[in-house]
Each structure stands twice: as C-alpha cells, then as structure tokens.
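Heads up: the structure comes next, in structure tokens.
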Amino acid sequence: MEQYDAFYIDGGWAKPATADTFRVVSPHTEEVIASVPAGAAADMDAAVGAARKAFDSTDWPTRAPEERMEVVRRFADLYAGRMAEMADVITAEMGSPTSFSQLAQSPAPWMMLTTFLDVAASYPWEEQRSGVLGSPVTVRRAPVGVVAAIVPWNVPQFVTMSKLAPALLAGCTVVLKPAPETPLDAYLLAELLHEAGVPAGVVNIVPAGREVGAHLVAHPGVDKVAFTGSTAAGRAIASVCGQQLKRCSLELGGKSAAVILDDADLAATMEGLKFASLMNSGQACVAQTRILASRANYDAVVDALAETVAGMTVGDPADPATEIGPLVSQRQRERVAKYIALGEEEGARVATGGSGRPAGLERGWYVQPTVFAGATNTMRIAREEIFGPVLTVIPYQDLDDAVRIANDSEYGLAGSVWTAERAAGMDVARRLRTGTVGVNQYTMDFVAPFGGFKASGIGREFGREGLDAYSELQSLVPLGG
Ligand code: NAD
C-alpha cells in the first residue's frame with residue numbers, strides 16, 4: 001500500500017496540520033491501495049498563503065507570457081512522458097476502464113495543455129486601440145489572481161488541466177483541491193510540475209473533503225473559484241462567491257439528449273453511443289443518457305441499444321478488453337442501483353440490465369449497464385443525473401417534439417444529433433439549448449468553448465474563452481499622444 005504523508009505547498013512537501021487521512025480504495029477489489037493525508041482548514045490556509053505570496057511578491061504574474069509558456073511547455077513535455085502511468089493511476093484509484101483512461105484520462109489532458117499553449121501564442125495579451133480622447137489606449141489581460149481549483153473524481157486530470165493550464169498561462173497562482181476519492185493522480189501531477197520548474201507557490205495541492213473545500217472557497221485570499229462538480233455544490237459555491245464578489249466559473253451536471261433521426265445509420269449510431277453515452281462507465285457529465293427516438297423507429301432503437309449494451313464487456317478496469325468498469329465507490333454504486341430500481345417503480349421497462357450485480361462480479365462496485373424503454377421525460381430517471389451506465393429511451397412524435405423534449409431539462413450541458421444528413425443534424429443542433437452539441441458523435445474540441453446553459457453551469461472552459469476566464473481586463477489610458 002502506498003502511503004503519502006505531505007502536501008505540495010510552496011514548492012516543497014509540507015507536513016499536514018492533522019493526522020487525518022483518506023484511504024484510497026480500489027473499486028475493483030475493494031481493497032485499500034493507498035493512504036494520503038486529509039487536508040484540514042489550516043493546510044488550506046498554508047496553501048492559500050503560499051499562492052498569495054507567489055502572486056503578490058514574485059514576478060510570476062508580471063512575466064512576459066512567453067516566459068510562462070516556456071515553463072508550461074516543459075511541463076507538457078514531462079507530462080507526455082508519464083501519460084501511460086498517469087492513466088494507470090486513475091484506473092487504479094477510480095476504476096476507469098483502461099480503454100478509456102489511456103485515451104481520455106491523460107492523453108486528452110495533455111492535448112488540452114498543448115492546445116492552450118497554441119491559444120496562448122496568438123492570444124491578445126495586450127491590445128492597442130486608438131482612443132477617442134486622442135491617446136492610444138492599451139487593453140491588457142491581467143491575471144485574475146489566486147485561483148481555487150476544485151475538481152471531482154470522475155475525470156480528475158481532465159478537469160484539473162482545464163483550470164491549471166489557462167491559470168498558469170495567464171499568470172495566476174493556484175490552490176488545487178482534488179477529491180478525496182482521487183488524490184493519487186494529483187501527487188504525480190505535483191512531481192511533474194516540480195520537475196518542470198514551476199516556481200514555488202505557483203501551484204499548491206491539498207486533497208480535502210467538502211467542508212475544507214468550502215473553507216477554501218470562502219477564503220479571503222482567493223480571487224477566483226474554478227469548480228467542477230455537482231449542481232448542488234455549484235449552487236452553494238456560487239452563493240458564497242456572489243456574496244464576496246469573487247469570480248467563479250462552474251461546470252456542473254448534465255442530462256444530455258441524443259436525438260436519433262429516422263435516417264440515421266442505426267449500427268453506426270449504436271457504436272457511437274457506446275462512447276457518447278457510456279464512456280467512463282457512464283460517469284461523465286456530458287454522457288448522452290436520454291436517447292430520443294421517433295415513435296416509428298422506437299422499437300428498432302430500443303432493440304439495437306439493448307443488444308449493444310448487453311454485449312459490452314463489464315469487468316476489471318485494468319483489462320484492455322473492458323468497456324464498463326466498476327463505479328467509483330460503494331456510495332455511488334448504491335446511488336445508481338437505487339435509480340435503476342426507481343426506474344422500474346416509475347413504470348419504465350428494463351430492456352437490458354437491472355438493479356442486480358453483473359454475473360460473476362460479486363466483489364467490486366459494479367452495476368449492470370441498463371437500458372430503460374417505455375420511459376417518459378417526466379420520470380426521475382429522465383430528469384436527474386444518475387452518473388452511471390443507465391440509459392433511458394424516450395419516444396418523440398416529430399422533429400419539433402424531439403427538440404422540445406431534448407430542451408425540457410433543468411440542465412443544458414451537452415447533446416448530440418444522429419443522422420445521415422450532416423446539414424440537417426447541424427440545424428437540429430442549433431435548436432438545442434446546450435453548451436456543446438455533437439453530430440454523429442459526442443466529444444468536445446479543445447479549441448472551442450465548453451460549458452453549460454441553465455443549471456449546467458456558468459462560464460466556459462477551453463479555447464480562447466478558457467483563457468479569458470483567468471484574466472481581468474485592464475485598460476491603460478495615458479495622457480498625450
Ligand atoms: P461534488 O460536487 O460532490 O464534488 C466535486 C468536488 O467539489 C469534490 O472535490 C468535493 O470535495 C468538492 N465539494 C463538494 N461540495 C463542496 C463545497 N460546498 N465547497 C467546496 N468544495 C466542495 O461532485 P462529485 O459527486 O464528486 O462529482 C460528480 C459531479 O460532477 C456530477 O454531478 C457531474 O456532472 C459533475 N461534473 C461536471 C463536469 C462538467 O464539466 N460540467 C465534469 C465532470 C463532473
């Protein structure tokens with residue numbers, strides 16, 4: 001069992017304030033694989049203090065952007081060399097199937113990092129405008145300050161990088177709070193940042209629970225909170241930030257719809273939905289969990305989806321053949337199993353799966369991948385985020401009805417349209433009230449803004465807009481020509 005006994009604060013390894021620990025448990029074996037110190041309020045104070053000092057008293061925020069890019073480039077190169085190991089760590093700590101983690105849990109964050117470097121190279125850090133009062137005006141992007149980055153366990157490096165990369169490039173300093181379930185990847189991250197020569201105090205890492213997370217959010221030394229997680233926590237964080245007039249960006253939950261048009265190639269659509277709906281065993285905020293099929297095509301879609309999902313390989317996440325692994329924790333397993341039971345109670349029909357355990361997997365936090373048919377959009381399984389491998393197929397009458405159902409959600413994070421006609425798919429996509437929409441696939445592109453409409457969040461990550469989120473606009477207006 002691996003044992004960590006310090007936090008990465010002020011460029012070194014700091015002794016924790018208390019003896020409290022988090023045990024990291026393998027979702028596959030249910031055995032403890034590591035222990036890390038649990039951050040307390042005093043540890044957060046030390047981390048914020050270090051970040052504050054690095055921001056207020058070093059040249060990090062005022063360095064030329066190219067100099068910071070140099071540091072980030074070194075970090076990206078080192079990251080590339082440890083990517084496979086990083087994905088393995090995440091598979092071990094949270095059960096992400098290796099087929100997914102070797103693609104999305106570390107190569108995607110690396111690609112995000114390099115895309116941010118490209119964006120930074122052409123970013124208008126300082127822009128001249130001919131002023132109306134006779135003098136040229138300089139509009140600059142000043143770093144927003146000390147950033148509290150609070151991340152969930154499902155895609156820990158992916159979410160971390162969406163905050164860390166733009167924060168570093170913009171000249172901010174960071175306190176990163178990993179979730180208690182997934183602290184191990186953050187320790188490897190600390191090693192890479194240190195080796196890359198990121199100056200002391202620029203990034204500080206303290207795994208901690210909710211309460212200490214709330215302490216970090218409210219800390220007067222923090223200028224901006226960048227949060228990814230549940231909508232419930234997002235609301236609590238937003239109200240604290242509102243009161244303190246702190247900048248905050250929120251990437252929250254989703255209940256995304258995949259709209260299948262009648263002309264879609266059904267086999268290709270099913271293959272696409274394996275990823276779009278069930279990536280990371282369904283533990284993805286962008287998972288396409290409401291499958292919308294026309295009444296005419298409904299039975300064919302239900303049958304094809306049930307057959308596809310029933311055929312997916314469930315088991316040991318470290319096995320490259322595995323498509324669906326265990327859920328992250330016992331709590332999450334219970335929650336998802338409850339939703340499956342609830343779907344049955346609400347009157348939906350189990351087309352495949354059910355609330356029992358998958359055959360042969362008596363240990364580990366496994367559920368059966370489940371498809372519900374005969375569902376309506378008013379059922380709780382169609383309205384609430386389940387965060388597991390559970391899909392609900394909902395019938396629609398015509399295209400307008402499909403758009404209405406897709407948009408009839410508290411959330412507005414993502415969506416997809418499946419069709420033989422790309423242009424027609426793009427037309428439907430434009431009618432969906434969500435931050436990203438895929439046509440015949442769902443993934444995001446790191447050059448384009450990502451984020452939510454409605455209760456899926458506030459603000460955008462990735463692309464130029466992702467850098468904007470870490471800067472304050474400052475106008476310099478000199479006297480004379
Ligand atoms: P969660 O909200 O319970 O926890 C997320 C993180 O926030 C954890 O680090 C947790 O310790 C911390 N936290 C919780 N309450 C806090 C508070 N009041 N103050 C400060 N920190 C707090 O969510 P979870 O169950 O860990 O993660 C799953 C959720 O994350 C899902 O709802 C999912 O949709 C969402 N998610 C969203 C995106 C996105 O980009 N929109 C991406 C991944 C996950």
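The chain is numbered in sequence order, starting from 1. When a ligand or atom number is given, it counts from 1 through the structure's own listing order. Values reported hereafter were calculated over all heavy atoms of this structure, with side chains retained and with hydrogens, waters and symmetry mates removed.
Between S230, S239, C285, it is C285 that holds the heavy atom closest to atom 36 (N) of ligand 1.
Considering both main-chain and side-chain atoms, K177 comes within under 3.5 Å of ligand 1 through a nitrogen or oxygen pair. Ligand 1 has no N or O atom lying under 3.5 Å from any N or O atom of A233, backbone or side chain. An N or O contact shorter than 3.5 Å links R210 to ligand 1 by distance.
For atom 1 (P) of ligand 1, the protein comes within 4.0 Å by at least one heavy atom.
In this structure, E323 contributes its side chain and V314 its backbone to no donor-acceptor pair below 3.5 Å.
Judged by the 6.0 Å distance and 45° axis criteria, K224 is positioned over the aromatic ring of Y470. Remark: R335 is not positioned above the aromatic ring of F387, lacking an NZ or CZ atom under 6.0 angstrom from the ring centre and at most 45 degrees off the axis.
Checked against the 6.0 Å centroid criterion, the rings of F55 and W60 do not qualify as a close aromatic pair.
Scanning the protein for heavy atoms near atom 26 (O) of ligand 1, the closest one is W153 NE1, 2.9 Å. From the protein, the heavy atom lying nearest to atom 20 (C) of ligand 1 is G213 C, 3.2 Å.
Contacts of L216 with ligand 1, taken as heavy-atom pairs under 4.0 Å, are absent altogether. Neither the backbone nor the side chain of T231 has a heavy atom within less than 4.0 Å of ligand 1. Proximity of V151 to ligand 1, defined as any heavy-atom pair under 4.0 Å, is confined to the backbone N, CA, C and O atoms. The side chain of E385, and not its backbone, has at least one atom closer than 4.0 Å to an atom of ligand 1 (non-hydrogen atoms only; side chain from C-beta on).
Atom CD1 of I33 is surrounded by more than 12 heavy atoms from other residues, nucleotides or ligands within 6.0 Å.
Closest heavy-atom contact between P97 and G325: CG-N, 3.6 Å.
For R383 and D408, the salt-bridge test passes: some basic side-chain N is under 4.0 Å from an acidic carboxylate O. Salt-bridge check for R141 with E472: failed, with every basic side-chain N at 4.0 Å or more from each acidic carboxylate O.
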